[in-house]
Amino acid sequence: MEVWFTEDQTKNLRISIRVKEVLFSGESLFQKVLVMDTFEFGRLLALDNVIQTNIKDEFVYHEMITHVGLNTHPNPKKVLIIGGGDGGAVREIVKHKGVEQVVHVEIDQMVIDVAKKYFPELSIGFKDPRVEILVADGIKHVKDHKNTYDMIIVDSTDPIGPAVGLFSKEFYRDVFESLTEDGLFVAQTETPFFFENVIKEVIASVSEIFPIMRLFQAVVPTYPGGYWAFTMGSKKHDPLSVDMDKLPVMDTKWYSPEIHKSAFVLQPFVQALLKG
Ligand code: AG3
């Protein structure tokens, strides 16, 4: 018998992936946590039946949500990551030798536990001594830590349920306050194909609060549309002014100095969203 996992990506669009074996299924205080081994993508994590990450395409998202920002800031020492309990982003952050402290605020202990057990390739970064894991609410954490971080990464779920607040103007204001005087943040901000209103709202809020706002994109096959947008808000440093020849060549599979630049080249239909 064939077993398939299906995510309703929109009301009218589904993705189905053939399952080899269900490895874990549990209900945390916040969401349904499901780990499966799949034929096409290897081990895959879904929260409330929404695909978060998998062994095959995780590198794209995790490299892009981290390195573009970390290589835009000339000297990021203190980094906060909100969400991303699977550890993929932390693994990438700790590749930066200059980073002295990584504070990882994840609201759901079960996601961390499942990552440690079923996704060692992602959660490996948790072992780095610079990483401090806090099981807490990221929204409250930024409110309570003013002028603290050089970079903040928001690796959230879709803007439904517990993550809604992570897409609000009030939150971006608190992020601004929580950053040091030349700090910057990067957030995952959905796909311009199906969530144009989310992107428009984020762009409007971030441009109101930060002097520099930039959208960049990457290909993530398991996410809706396969085309994913990230938003950067920066107080001082512009990712487009970074000297490509000075960008480090890193141990990565998607990110490179050329990709750092080309990710900001947006198709006209996305540029139209930026114009409002
Ligand atoms: N964060 C979730 C990105 C949104 C995916 N949306 C979807 N599949 N409908 C990913 C967490 C990875 N660390």
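Start at 1 and go down the list; that is how both ligands and their atoms are numbered.
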Parallel, tilted or perpendicular for [X] and [Y], by the 30°/60° rule?
X: His260; Y: Phe264; answer: tilted
X: Tyr227; Y: Phe193; answer: perpendicular
X: Tyr61; Y: Tyr223; answer: perpendicular

Closer than 4.0 angstrom: is that true for some heavy atom of [X] and an atom of ligand 1?
X: Glu7; answer: yes
X: Ala89; answer: no
X: Gln9; answer: no
X: Gly83; answer: no

Output field: ring centroids Phe176/Phe185 closer than 6.0 Å: no
What protein heavy atom lies closest to [atom]? Include the residue and the distance to one decimal.
atom: atom 8 (N) of ligand 1; value: Ile51 O, 2.9 Å
atom: atom 6 (N) of ligand 1; value: Asp158 OD1, 2.8 Å
atom: atom 2 (C) of ligand 1; value: Gln52 OE1, 3.0 Å

Consider every N or O of [X] and every N or O of ligand 1, then say whether any pair is closer than 3.5 Å.
X: Thr157; result: no
X: Tyr61; result: yes
X: His62; result: yes
X: Trp228; result: no

Candidate with minimal heavy-atom separation from atom 11 (C) of ligand 1, of Ile15, Asp155, Thr189: Asp155
Of the listed options Val220, Val111, Asp86, closest to atom 13 (N) of ligand 1 (non-hydrogen atoms): Asp86
If you measure from the Lys or Arg side-chain nitrogens to the Asp or Glu carboxylate oxygens, is any gap between [X] and [Y] under 4.0 Å?
X: Arg14; Y: Asp8; answer: yes
X: Lys77; Y: Asp150; answer: no
X: Glu170; Y: Arg173; answer: no

Side-chain (Lys261) to main-chain (Val242) donor-acceptor, under 3.5 angstrom: yes
Atoms of ligand 1 close to [X] [distance to a heavy atom under 4.0 angstrom, numbered from 1]:
X: Pro224; answer: 7 (C), 8 (N), 9 (N)
X: Val50; answer: 6 (N), 7 (C), 8 (N), 9 (N)
X: Ser156; answer: 1 (N), 2 (C), 3 (C)

Contact summary for Phe167 and Asp158, nearest pair of heavy atoms: CE1-C, 4.2 Å
Close side-chain approach of Tyr172 to Val202, heavy-atom, < 4.5 Å: yes
